[in-house]
2 protein chains.
Amino acid sequence: MLNNYNTEDKVLLAVDCIIFGFDQEDLKILLIKRDFEPEKGKWSLIGGFLKMTETLDDAANRILNHLTGFDKIYMEQLYNFSKIDRDPVERTLSVAYFALINIEDHDEKLIEQYSAKWFSIEEAPSLIFDHNQMVQKAILRLRRRAISKPIGFELLPEKFTMRQLQKLYESILDEKLDKRNFINKVNGLDILVKLEEKDMTSSRKGSYLYQFDKEKYDRNVEDGITFKI
Amino acid sequence: MLNNYNTEDKVLLAVDCIIFGFDQEDLKILLIKRDFEPEKGKWSLIGGFLKMTETLDDAANRILNHLTGFDKIYMEQLYNFSKIDRDPVERTLSVAYFALINIEDHDEKLIEQYSAKWFSIEEAPSLIFDHNQMVQKAILRLRRRAISKPIGFELLPEKFTMRQLQKLYESILDEKLDKRNFINKVNGLDILVKLEEKDMTSSRKGSYLYQFDKEKYDRNVEDGITFKI
DNA sequence: AAAATAAGTGTTATTATTACATTTCCAAAT
DNA sequence: ATTTGGAAATGTAATAATAACACTTATTTT
């Protein structure tokens, strides 16, 4: 006889996404203004409900794809939030995902369509439900990631300057880093290719552009080499 | 108008617990032999279903309490497993929790009653569903925990020898450690109290017993001081 | 030609980690 | 009483990683 689980409770399962981006200055998150009740008009993470035919990763991908148009976004499951009254309408648990995207490639039209907006972490408005808590947790996770793998790939444009990479790390870790030590460390990892090309927008002298060497980068990640800056 | 979520799918949500213990030699996990279908007679993690009135932590506590009799078990949410067919009976997601308990205090009767058994990690049988995967993930998490906080508190008896503490770390990290370096490092953390008392079971000379200094230990954990051995 | 501005570059000091071998203590055996 | 066996206890030197630190270069604008 199969146990048919008939007597067990079923619940709604939401998936909410913390989307990080980097605009060469600040670490940002993408938020939307809710156009439905409850909490209409307030800012929130983007989210949706898990469907019967999806895994959680599927659901997170679907939701991310809607808002960004991208398909292969870096994404990790973060945590299950389950306070009884976290959603006033009905018992709903939410699995938070965090994602990293390159702001520059991002489709402006989709953003408009969803009344979405990038906020730098410090200036982000207060969010609905337990979304603030989710963001806090995501920032901590992102920090851990940043020192366990070189996450720049996901957040920077294809070509970038050392300064940009350093700024990215400074905004993730929320601390100033020493320029020389940073460069030495990064070069030691042997995951960047220095290009001939220079970026002339930031100074008269211009600064060399770099690219990630995808192969070495991946090997580096696999080996679990740390990127402690 | 409130959005009432009526059209959204609801799912069963299980909670499965990976319970770690340490018996002075090996790191172990507690498994039960299923006495119901599906997979009756096979080994599995202990688990249960989330009830409408509980948070996930509540559910994990309830399940842990049933099997161990303990109330304040160290416990962390691990990951939500959501493959479509992970449970052959019905679409069920499972939130895995990992827990640490001191084998010695553990109630033998409860173990018997549930046909539970401690297995050392290497000798554990293959488990039902995706439980092997859960255990793997739990081990990795435990390793990370072991180097970010001194987890001994949860897994060792109140009084223990340096050797035991070292053995514990060796079995968690799955590598041999140097005795002198280990002791120097641990002493440097200033979280242990050396007692007058000796443990005479392991040698003629006997070895000093230690206790954790709960206050310093907690401060240490709060400060996020690493316990990288 | 001078000024302004960010880019680029190495060395030393400090700290943390690793490697490593001998002596001490005690009980049991003789 | 003496010897023996076995684990416990102990410190130092070598190496590696991290942190601190300031001047020169290249280029455009004035």
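For the side-chain hydrogen bond (donor to acceptor under 3.5 Å, both in side chains) test, no residue two or more places apart in sequence or in another chain qualifies with A:Glu215. Qualifying side-chain hydrogen bond (donor to acceptor under 3.5 Å, both in side chains) partners for B:Ser94, counting only residues two or more places apart in sequence or in other chains: B:Asp16. For B:Arg86, the side-chain hydrogen bond (donor to acceptor under 3.5 Å, both in side chains) criterion is met by B:Asp130, not counting sequence neighbours.
Taking atom CG of A:Asp199 as the reference point, atom P of C:dA7 lies 9 Å away to the nearest angstrom. Atom CG in B:Leu177 sits roughly 13 Å away from atom P in C:dT17 (whole-Å rounding). For the pair B:Gln164 CD and D:dA8 P, the computed distance is 10 Å after rounding to whole Å. Straight-line distance from the NZ atom of A:Lys176 to the C1' atom of D:dC21: 16 Å, rounded to whole Å. Taking atom CG of residue A:Asn187 and atom C1' of nucleotide C:dA7, one finds them 14 Å apart after rounding to whole Å. Counting to the nearest Å, the C1' atom of C:dT18 and the CD atom of B:Glu175 are 13 Å from each other. In this entry the distance linking CZ of B:Phe182 with P of D:dG11 reads 18 Å, nearest Å. Here the P atom of nucleotide D:dA8 and the CG atom of B:Leu209 are 12 Å apart, to the nearest Å.
In this structure, B:Lys194 is not positioned above the aromatic face of B:Tyr210 in the sense of NZ or CZ being under 6.0 Å from the six-membered ring centre and within 45° of the axis. Cation-pi geometry between B:Lys214 and B:Phe153 is met: the NZ or CZ atom falls under 6.0 Å from the ring centre, inside 45° of the normal.
Here ring pair (Phe, Tyr, Trp, His ring centres under 6.0 Å) pairs that include residues 169-199 of chain B, with residues two or more places apart or in two chains, are B:Tyr169-B:Phe227.
For the OP1/OP2 pair of C:dA7 and a distance below 4.0 Å, the side-chain nitrogens and oxygens of A:Arg163 include at least one atom meeting the criterion. Phosphate contact (OP1/OP2 of D:dA8, side-chain N/O of B:Ser202, threshold under 4.0 Å): present.
Side-chain N/O atoms of B:Asp57 and B:Tyr97 include a donor and acceptor closer than 3.5 Å.
Residue-environment remark: CD (B:Gln113) exceeds the threshold of 12 foreign heavy atoms within 6.0 Å. No more than 12 heavy atoms of other residues, nucleotides or ligands shown are found within 6.0 angstrom of NZ on A:Lys33.
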Show each protein N/O and nucleotides 17-19 of chain D N/O combination with a separation under 3.5 Å, one pair to a line.
| unit_1 | atom_1 | unit_2 | atom_2 | d |
| --- | --- | --- | --- | --- |
| D:dT18 | OP2 | A:Lys185 | NZ | 3.3 |

Show the distances under 3.5 angstrom between N or O atoms of the protein and N or O atoms of nucleotides 23-30 of chain D.
| unit_1 | atom_1 | unit_2 | atom_2 | d |
| --- | --- | --- | --- | --- |
| D:dT25 | O2 | A:Lys205 | NZ | 2.9 |

